[in-house]
> 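So that we are looking at the same thing, I have put the structure below in structure tokens.
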Amino acid sequence: MKAVVIAAGEGTRLRPLTEDKPKGMVEIDGKPILTHCFEYLTDLGADELIVVVGYKKEVIVSHYDDEFEGVPITYTHQREPKGIAHALLTAEEHIDDDFMLMLGDNIFAANLADVVDRQREDRADAAFLVEEVPMEEADRYGVCDTNDYGEVTDIVEKPDDPPTNLVLTGFYTFTPAIFHACHLVQPSGRGEYEVSDAIDLLLRSGRTIDAVKMDGWRIDVGYPEDRDEAERRLQEQRGEASAETDAESGTETADASSNE
């Protein structure tokens, strides 16, 4: 399965970290956000990375060149910042089957594989990871509603009065049908072509879309404090994993000693 990564953003809210580099190249825990994204996707079995670049694209291209850990990279160019649906259309000619989509400004420690598995069941036309947030924060995101089976019944981008607190997290799987929907999307009130509007068009055409609730955490790195929080969590997670390994090693040593 191919993976599309949206990495065209300028990251103005991350200044001064993005004065000389795009948002995806801001380092967290010793490596760029994009490297984290590429690692997630290759671990999920991505056999090609299609990276949508824009602002200071040469920094990304020169850093990764044409592959990541043996997985080929194809670059497409979003010439104007007109939203995710607009960015996704730059990858259309490279996609002919189900694919993953990741926004290149997110750090995850979550059940991404569950979304891919749901897509591979061939029951749904799309699936995406969703997160429950405090209701007062829901208007910052794309918000969706679901039925008792976990199927999406409604979706709206940054609503003034959110119907639920279930929000999109930046990881999706789609069939190529999403491209037709993206072509039909009209600019939103903020002048962008929203991927949530494209998903809504799929819903209105009778297609099945599944929401997979997140098990774990993710951080949308929009501000310097988000970067700091993501780094803290990754370091904490690594420390916990190291402690578990040390504990297991100690148990094995004790067992071996008791058998001497």
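Any value given below was found using the heavy atoms of this structure, including those in side chains, with hydrogens, waters and symmetry copies removed. A quick note: this is a predicted structure, and the numbers were derived from the prediction, not measured.
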> Can you tell if the side chain of Tyr172 reaches within under 4.5 Å of the side chain of Met100, non-hydrogen atoms only?
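The answer is no; the side chains never approach within 4.5 Å.
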> Between Ile33 and Ile107, is there a side-chain heavy-atom distance shorter than 4.5 Å?
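The answer is yes; the side chains approach within 4.5 Å.
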> Determine, using the 4.5 Å side-chain heavy-atom cutoff (strictly less than), whether Leu41 and Ile60 are members of one ILVMFWY cluster.
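Yes; tracing contacts between hydrophobic side chains, which count when under 4.5 Å, links both residues.
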> Of all residues at least two apart in sequence or in a different chain, which pass the ring-ring contact (aromatic ring centres under 6.0 Å, His included) check with Tyr55?
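Once residues adjacent in sequence are excluded, Tyr55 has no partner under the ring-ring contact (aromatic ring centres under 6.0 Å, His included) criterion.
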> Closer than 3.5 angstrom, by distance alone: can the side chain of Asp197 be matched with the main-chain N or O of Asp200 as a donor-acceptor pair?
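The answer is no, because no donor-acceptor pair under 3.5 Å joins these two groups.
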> Output the distance between atom CG (Leu101) and atom CD1 (Ile84), rounded to the nearest 0.5 Å.
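Result: 7.5 Å between the selected atoms.
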> Measuring from Thr146:OG1 to Ile155:CD1, what's the distance to the nearest 0.5 Å?
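Separation between the atoms: 11.5 Å.
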> Quick check: do Asn106 and Met102 have side-chain heavy atoms less than 4.5 Å from each other?
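The answer is no, as the side chains (C-beta and beyond) never meet within the 4.5 Å cut-off.
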> Give a yes or no on this: more than 12 heavy atoms of other residues, nucleotides or ligands lie within 6.0 Å of atom NE2 of His180.
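At most 12 heavy atoms, drawn from other residues, nucleotides or ligands, come within 6.0 Å of this atom.
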> Which heavy atom of Ala177 sits nearest a heavy atom of Leu202, and at what distance?
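For Ala177 versus Leu202, the nearest heavy atoms are O-CD2, 3.9 Å.
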> In the structure I gave you, are the side-chain heavy atoms of Cys182 and Tyr193 within less than 4.5 Å of one another anywhere?
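Sidechains of Tyr193 and Cys182: no contact.
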> How many angstroms lie between atom CG of Leu34 and atom CD of Glu39, to the nearest 0.5 angstrom?
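It comes to 11.0 Å.
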> Quick one, Leu166 with Val143, criterion side-chain contact (heavy atoms from CB on, under 4.5 Å). Give me CA distance, side-chain angles, the key distance, then yes/no.
CA-CA 6 Å; Leu166 205 59; Val143 177; 5.6 Å; no
> Do NZ/NE/NH1/NH2 and the carboxylate oxygens of Asp114 and Arg118 come within less than 4.0 Å?
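Salt bridge flag = no for Arg118 with Asp114.
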> Using a 4.5 Å cut-off on heavy atoms from C-beta on, say whether the side chain of Val26 contacts that of Thr18.
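Yes, their side chains come closer than 4.5 Å.
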> Same hydrophobic cluster for Val4 and Phe171, using side-chain heavy-atom links shorter than 4.5 Å among ILVMFWY?
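Shared cluster, no.
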> Is there side-chain contact between Asn111 and Val212, with heavy atoms separated by less than 4.5 Å?
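A side-chain contact under 4.5 Å exists here.
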> Which pairs count as salt bridge (Lys or Arg N to Asp or Glu O under 4.0 Å) when at least one residue sits in residues 42-63, sequence neighbours excluded?
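Passing the test, one end in residues 42-63: Lys2-Glu48.
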> Run the side-chain contact (heavy atoms from CB on, under 4.5 Å) test on Thr76 and Val51 for me, step by step, so that the C-alpha distance in whole Å, both residues' side-chain angles and the decisive distance to 0.1 Å come before the verdict.
CA-CA 6 Å; Thr76 66; Val51 183; over 6 Å; no
> Specify the closest pair of heavy atoms between Thr164 and Cys144, including all atoms of both residues, with the distance to one decimal.
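Where Thr164 meets Cys144 most closely, the heavy atoms are OG1-O, 2.6 Å.
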> Can you tell me which residue among Thr173, Asp210, Asp125 is in a side-chain hydrogen bond (donor to acceptor under 3.5 Å, both in side chains) with Gln119?
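The residue from Thr173, Asp210, Asp125 that satisfies side-chain hydrogen bond (donor to acceptor under 3.5 Å, both in side chains) with Gln119 turns out to be Thr173.
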> Supply the atom-to-atom distance Asp20 CG to Met25 CE, rounded to the nearest 0.5 angstrom.
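Going from the CG atom of Asp20 to the CE atom of Met25 covers 10.5 Å.
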> Given side chains that start at C-beta, do those of Val130 and Val167 come closer than 4.5 Å, heavy atoms only?
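Answer no - side chains too far apart.
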> Assign the ring pair Phe99 / Phe179 to parallel, tilted or perpendicular, where the plane angle (0 to 90°) is split at 30° and 60°.
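Rings of Phe99 and Phe179: parallel, under 30°.
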> Where does the angle between the aromatic ring planes of His36 and Tyr40 fall among parallel (under 30°), tilted (30 to 60°) and perpendicular (over 60°)?
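Aromatic pair His36/Tyr40 classed tilted.
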> So which pairs with a foot in residues 85-106 pass salt bridge (Lys or Arg N to Asp or Glu O under 4.0 Å), sequence neighbours left out?
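Qualifying pairs: Lys23-Asp105.
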> To which residues is Met135 joined in a hydrophobic cluster, defined by side-chain heavy-atom contacts under 4.5 Å among Ile, Leu, Val, Met, Phe, Trp and Tyr, whether direct or through other members?
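For Met135, no cluster forms, as it stays isolated from other hydrophobic side chains.
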> Could you tell me whether the side chain of Leu14 reaches within less than 4.5 Å of the side chain of Val221, counting heavy atoms only?
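Result yes, sub-4.5 Å side-chain heavy-atom pair found.
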> Measuring from atom CZ of Phe38 to atom CD of Glu69, what distance do you get when rounded to the nearest 0.5 angstrom?
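It is 10.5 Å, given to the nearest 0.5 Å.
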> Answer with yes or no whether the hydrophobic clustering places Leu168 together with Val52; edges join I, L, V, M, F, W, Y residues whose side-chain heavy atoms lie under 4.5 Å apart.
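Yes, same cluster.
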> On a heavy-atom basis, which atom in Ile50 and which in Ala91 lie closest, and how many Å separate them?
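Shortest heavy-atom contact: CG2-CB, 3.8 Å.
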> Centres of the Phe128 and Phe174 rings: under 6.0 Å?
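No, the ring of Phe128 stays outside the 6.0 Å limit from the ring of Phe174, centre to centre.
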> Could you measure the distance from the NE2 atom of His86 to the NE2 atom of His183? Nearest 0.5 Å is fine.
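So the NE2 of His86 and the NE2 of His183 are separated by 10.5 Å.
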> Output yes when a side-chain donor or acceptor of Arg218 lies under 3.5 Å from a complementary backbone atom of Thr169, and no otherwise.
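Yes, the answer is positive, given that a donor and an acceptor are paired below the 3.5 Å cut-off.
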> Is atom CZ of Arg190 surrounded by more than 12 heavy atoms (other residues, nucleotides or ligands) closer than 6.0 Å?
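Atom CZ in Arg190 is packed in, count exceeds 12.
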> Of all heavy-atom pairs between Cys37 and Leu103, which one has the smallest distance, and what is that distance?
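That closest heavy-atom pairing would be SG-O, 4.1 Å.
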> Between Pro32 and His63, which heavy-atom pair has the shortest distance, and what is it?
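Closest approach of Pro32 to His63, heavy atoms only: CG-NE2, 4.2 Å.
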> Quick one: which of Gln237, Glu236, Glu229 gives a side-chain hydrogen bond (donor to acceptor under 3.5 Å, both in side chains) with Arg233?
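Exactly one option meets the side-chain hydrogen bond (donor to acceptor under 3.5 Å, both in side chains) with Arg233, and it is Glu229.
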> Please list all pairs meeting salt bridge (Lys or Arg N to Asp or Glu O under 4.0 Å) that have one or both residues in residues 164-173, counting only residues at least two apart or in different chains.
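For residues 164-173, and leaving out neighbouring residues, there are no salt bridge (Lys or Arg N to Asp or Glu O under 4.0 Å) pairs at all.
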> Checking side-chain contact (heavy atoms from CB on, under 4.5 Å) for the pair Val71/Glu67: CA distance, chi angles, key distance, verdict?
CA-CA 5 Å; Val71 176; Glu67 68 172 46; over 6 Å; no
> Spell out, yes or no, whether Val5 and Val116 are grouped together once hydrophobic residues are joined by side-chain heavy atoms under 4.5 Å, including indirect joins.
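Yes, Val5 and Val116 fall within the same hydrophobic cluster.
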> Does any N or O in the side chain of Tyr75 come within less than 3.5 Å of the main-chain N or O of Asp65, such that one atom is a donor and the other an acceptor?
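Yes, the answer is positive, given that a donor and an acceptor are paired below the 3.5 Å cut-off.
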> Is there any salt bridge (Lys or Arg N to Asp or Glu O under 4.0 Å) pair reaching into residues 134-151, and which pairs are they, with sequence neighbours excluded?
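Pairs touching residues 134-151 that pass the test: Arg123-Glu151.
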> Salt bridge check, Lys31 against Glu27: does any charged N sit closer than 4.0 Å to a carboxylate O?
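No, no charged N to carboxylate O under 4.0 Å.
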> Between Asp226 (side chain) and Gly222 (backbone), is there a donor-acceptor pair under 3.5 Å?
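Answer holds: yes.
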> Between Val133 and Met214, is there a shared hydrophobic cluster once you connect ILVMFWY residues whose side-chain heavy atoms come closer than 4.5 Å?
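Different clusters: Val133 never reaches Met214 through Ile, Leu, Val, Met, Phe, Trp or Tyr contacts under 4.5 Å.
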> Using modelled atom types only, decide if a donor and an acceptor are shared between the side chain of Ser188 and the backbone of Glu192 within a distance under 3.5 Å.
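Judged by distance alone, yes, a pair lies under 3.5 Å.
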> Is the shortest distance from a Lys or Arg side-chain nitrogen in Arg15 or Glu19 to a carboxylate oxygen in the other one below 4.0 Å?
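A salt bridge is absent here (no side-chain N lies under 4.0 Å from a carboxylate O).
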> Would you check if the side chain of Tyr64 reaches a backbone N or O of Val59 as a donor-acceptor pair within less than 3.5 Å?
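Not confirmed, Tyr64 side chain does not pair with Val59 backbone.
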> Tell me the closest heavy-atom pair linking Leu49 and Phe68, and the distance in Å.
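Looks like CD1-CB, 4.0 Å.
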